[in-house]
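Hydrogens, waters and symmetry mates are skipped; everything else that's a heavy atom, side chains included, is used. Here the structure is a predicted model, which is why all the values come from computation and not from measurement.
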Amino acid sequence: MDYLDQLEAEAIAILREVAGQFEKPALLFSGGKDSITLVKLAEKAFRPGKFPFPLVHIDTGHNFPETIEFRDKLVEKLGEKLIVGYVQDSIDQGKVIEQTGKNASRNALQTVTLLDTILEGKFDACIGGARRDEEKARAKERIFSVRDEFGQWDPKRQRPELWNIYNGKIHKGENVRVFPISNWTELDVWNYIKRENIELPSVYFAHERDVIMRNGQWMAASEYLNMDEEDIITRKKVRFRTVGDMTCTAAVESDKDQIDDIILEISQSKISERGARMDDKVSEAAMEDRKKGGYF
């Protein structure tokens with residue numbers, strides 16, 4: 001077995017553990033490369049049967065249109081159930097207040113919508129595509145990460161995972177976030193995508209796009225950005241290493257539109273993929289604070 005076979009086997013075993021240990025799991029699906037990889041792994045784990053869980057997307061309403069189009073197309077092809085939680089509904093219900101100002105984003109508001117969706121669906125496990133190499137707070141987290149009845153993560157209450165034994169025992173009201181590709185790197189994901197010939201949204205590949213420079217990074221010009229006279233729209237050839245809310249996801253200048261070229265580009269990069277996420281730059285512990293509050 002080569003290293004991709006080993007990573008694949010580990011991830012498939014984790015997905016089957018989830019199916020075996022939990023009553024109502026769900027797979028958090030954003031339409032990004034990591035959750036698309038999880039779907040491919042779920043196919044290998046459970047086909048020709050149906051997935052033992054629905055796909056769940058928390059929709060900010062400010063997503064890249066290419067991502068939403070890809071999501072719907074993939075779900076139709078899979079023939080699986082998709083549940084969408086809308087941040088706009090949380091805003092309309094007065095549960096969250098939309099941010100104002102030039103750098104306003106709905107990204108942080110997703111937490112409330114996610115927790116409401118988990119409660120409504122009575123999900124006791126949520127499978128996500130987070131990886132340890134993405135960000136230091138994610139590097140702390142176990143593969144089976146227990147959240148309390150308020151959806152909060154306590155880094156001091158993590159369980160040991162010796163010999164790949166995963167403890168899914170939880171109390172009523174708690175849930176577990178499960179990360180089958182936690183041990184993968186960005187390069188591992190791309191090499192697996194290449195090997196398995198996995199289709200991705202076009203935003204991951206170099207394309208011409210209207211962008212503005214904000215806080216030293218290229219942001220896609222869109223109706224969701226609060227632009228003013230200081231924001232000068234420029235046409236650039238860019239691609240996105242990570243895909244999230246358009247208001248907090250920056251692009252990188254690139255002419256790489258083939259997988260082999262992208263893999264080479266990533267291998268030579270000195271910045272992590274989440275270096276292009278504005279929401280991680282709010283503070284030194286921005287991601288950890290969001291996770292403690294119930295974030296993915």
Any ion pair linking [Y] and [X] (charged N to carboxylate O, less than 4.0 Å)?
X	Y	answer
K102	D231	yes
E174	K169	no
E80	R47	yes
R239	E66	no
K44	E196	yes
R195	D5	yes

Looking at residues at least two apart in the chain, or sitting in another chain, which of them share a ring-ring contact (aromatic ring centres under 6.0 Å, His included) with [X]?
X	value
F123	none
F29	none
H57	none

Name all pairs fulfilling the ring-ring contact (aromatic ring centres under 6.0 Å, His included) condition that reach into residues 66-92, sequence neighbours left out, sorted by first residue then second.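 As it turns out, there is no ring-ring contact (aromatic ring centres under 6.0 Å, His included) pair with a partner in residues 66-92 once direct neighbours are skipped.
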Just wondering, are more than 12 heavy atoms of other shown residues or ligands nearer than 6.0 Å to [atom1] in [X]?
X	atom1	answer
K81	NZ	no
Q158	CD	yes
K256	NZ	yes
K50	NZ	yes

Among F64, F205, Y204, ring pair (Phe, Tyr, Trp, His ring centres under 6.0 Å) partner for F240: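 In the set F64, F205, Y204, the residue that makes a ring pair (Phe, Tyr, Trp, His ring centres under 6.0 Å) with F240 is F64.
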What residues, two or more places apart in sequence or in another chain, satisfy side-chain contact (heavy atoms from CB on, under 4.5 Å) together with E98?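 H62, I91, R106.
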Contacts of K237 meeting salt bridge (charged side-chain N to carboxylate O under 4.0 Å, His left out) (sequence neighbours excluded), chain-then-number -> none
Polar side chain donor-acceptor pair, S254 to E265, under 3.5 angstrom: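 Yes, E265 and S254 have a side-chain donor paired with an acceptor closer than 3.5 Å.
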Do we see a donor-acceptor contact under 3.5 Å between the side chains of D133 and T185? no
